[in-house]
Amino acid sequence: MDTTILRNLAEGRKINKSKLIHIVFVCICAMIARNIFIAGQKDLKKLTLEQEKGKVANTILTEIVVSEKQYTAYKGLLNVKDPGVILNSISTLAKNSLVKILSMKPQMQKEYPLYTYYSFEMTISTDSFHKIGQLVKSLENSNEVFLIDSLSVTAQTSGDAGSSSKKIEAEFLISTLLIKEYRK
């Protein structure tokens with residue numbers, strides 16, 4: 001009988017050793033899986049941060065593209081600058097506003113790193129302040145982008161006691177810009 005008990009004990013130990021080996025194996029696998037999971041979480045956080053940085057960079061790039069398109073559009077408006085064409089445009093605007101140009105003189109052009117500044121001194125005559133206002137509005141709304149740097153208005157009345165006529169003269173300093181070529 002003693003041998004049977006010993007055999008049962010020996011078999012039980014084998015069973016216990018086998019269970020113990022399986023438990024240890026499962027624990028080791030669980031630890032390895034935990035470490036892999038933690039490393040994956042760190043990588044996921046890094047990827048999330050890089051994705052956010054990429055979104056910010058894409059937003060900035062989109063703004064740059066929009067700005068470059070606006071720059072190109074404005075440059076197209078500003079860069080049709082031949083002094084003769086400019087004088088004709090101003091003359092047409094004055095004629096449409098029913099004012100008479102007494103004189104128009106180009107001024108010295110000023111060179112800047114990004115653009116050239118063209119100025120014209122113009123003296124006009126009319127019979128109404130309203131017509132001067134129409135001319136100012138026409139210049140400011142023109143597609144050719146004119147800037148009014150200064151405006152001086154003088155009014156004179158002349159005539160007999162029975163009839164008087166009003167003569168208004170205005171001196172303008174009108175400018176426009178020529179954007180220089182953009183070099184990358």
Side-chain angles (χ1 to χ4, degrees), residues 45-184:
K45 286 181 183 178
K46 286 180 186 176
L47 289 174
T48 304
L49 287 174
E50 286 180 26
Q51 183 181 22
E52 289 176 14
K53 288 179 184 177
K55 286 180 182 178
V56 169
N58 284 342
T59 303
I60 292 170
L61 285 174
T62 302
E63 290 174 4
I64 289 171
V65 167
V66 168
S67 295
E68 191 167 339
K69 286 180 182 177
Q70 288 176 339
Y71 167 80
T72 304
Y74 286 130
K75 182 179 171 191
L77 287 175
L78 294 173
N79 279 357
V80 184
K81 301 297 189 238
D82 175 21
V85 172
I86 294 170
L87 292 174
N88 283 341
S89 296
I90 293 172
S91 296
T92 302
L93 294 172
K95 184 178 178 181
N96 292 342
S97 299
L98 303 174
V99 298
K100 181 180 178 185
I101 296 177
L102 300 177
S103 69
M104 186 180 284
K105 299 184 263 182
Q107 300 297 303
M108 196 79 158
Q109 71 185 34
K110 298 176 187 172
E111 296 288 334
Y112 293 95
L114 299 176
Y115 60 91
T116 303
Y117 194 81
Y118 291 98
S119 296
F120 300 89
E121 189 176 294
M122 177 174 71
T123 304
I124 63 163
S125 175
T126 186
D127 60 354
S128 157
F129 286 105
H130 179 71
K131 291 176 183 174
I132 294 173
Q134 284 178 321
L135 178 60
V136 169
K137 181 180 174 185
S138 297
L139 288 167
E140 289 179 344
N141 291 334
S142 173
N143 286 339
E144 296 177 30
V145 186
F146 293 111
L147 309 168
I148 299 174
D149 294 328
S150 68
L151 171 62
S152 173
V153 179
T154 55
Q156 301 169 354
T157 53
S158 62
D160 301 336
S163 69
S164 67
S165 67
K166 194 189 301 184
K167 180 180 176 187
I168 302 170
E169 285 189 6
E171 291 182 7
F172 287 85
L173 183 58
I174 302 169
S175 302
T176 190
L177 305 172
L178 170 67
I179 295 178
K180 294 182 179 178
E181 285 300 313
Y182 174 72
R183 296 181 188 150
K184 293 183 180 182

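The chain is numbered in sequence order, starting from 1.
- Applying the ring-ring contact (aromatic ring centres under 6.0 Å, His included) test to pairs two or more places apart or on separate chains, those with a residue in residues 88-113 are Tyr112-Tyr115.
- The shortest non-hydrogen separation linking Leu98 to Thr126 is O-OG1, 3.7 Å.
- For the pair Met104 and Ile101, the tightest heavy-atom approach, listed with the atom from each and the gap, is CE-CD1, 3.8 Å.
- In terms of modelled atom types and a separation under 3.5 Å, the side chain of Ser142 and the main chain of Ser138 share no donor-acceptor contact.
- Take Thr116 and apply the side chain to side chain contact (heavy atoms under 4.5 Å, CB included) test, not counting sequence neighbours, and it matches Gln109, Glu111, Tyr118, Leu178, Lys180.
- Residues satisfying the side chain to side chain contact (heavy atoms under 4.5 Å, CB included) criterion with Glu52, sequence neighbours excluded, are Thr48, Leu49.
- Here Glu171 contributes atom CD and Ser103 contributes atom OG; the two are 7.5 Å apart, rounded to the nearest 0.5 Å.
- Heavy-atom minimum distance, Ser119 versus Leu173: CB-CD1, 4.1 Å.
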Check against side-chain contact (heavy atoms from CB on, under 4.5 Å), Ile90 and Phe172: CA-CA 11 Å; Ile90 293 172; Phe172 287 85; over 6 Å; no
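- Summarising the geometry of Phe129 relative to Ile168, their closest heavy-atom pair is N-CD1, 3.5 Å, with the distance given to 0.1 Å.
- Contact between Pro106 and Phe120 at its shortest, heavy atoms only, is CA-CD2, 3.7 Å.
- In this structure, Gln107 and Asp149 have side chains that are not in contact, with every pair of non-hydrogen atoms separated by 4.5 Å or more.
- A distance-only check finds a donor-acceptor pair linking the side chain of Ser128 to the backbone of His130 [under 3.5 Å].
- For Asp127, the salt bridge (charged side-chain N to carboxylate O under 4.0 Å, His left out) partners are Lys131, not counting sequence neighbours.
- When side chains are defined from C-beta on, Leu93 counts as touching Phe146, because their heavy atoms get closer than 4.5 Å.
- Remark: Glu121 engages Lys105 in a salt bridge (charged side-chain N to carboxylate O under 4.0 Å, His left out) (not counting sequence neighbours).
- Closest heavy-atom contact between Ile132 and Ala170: CD1-CB, 4.0 Å.
- The distance from atom CG of Leu135 to atom CD1 of Ile124, rounded to the nearest 0.5 Å, is 5.0 Å.
- With sequence neighbours left out, the side chain to side chain contact (heavy atoms under 4.5 Å, CB included) criterion links Thr92 to Asn96.
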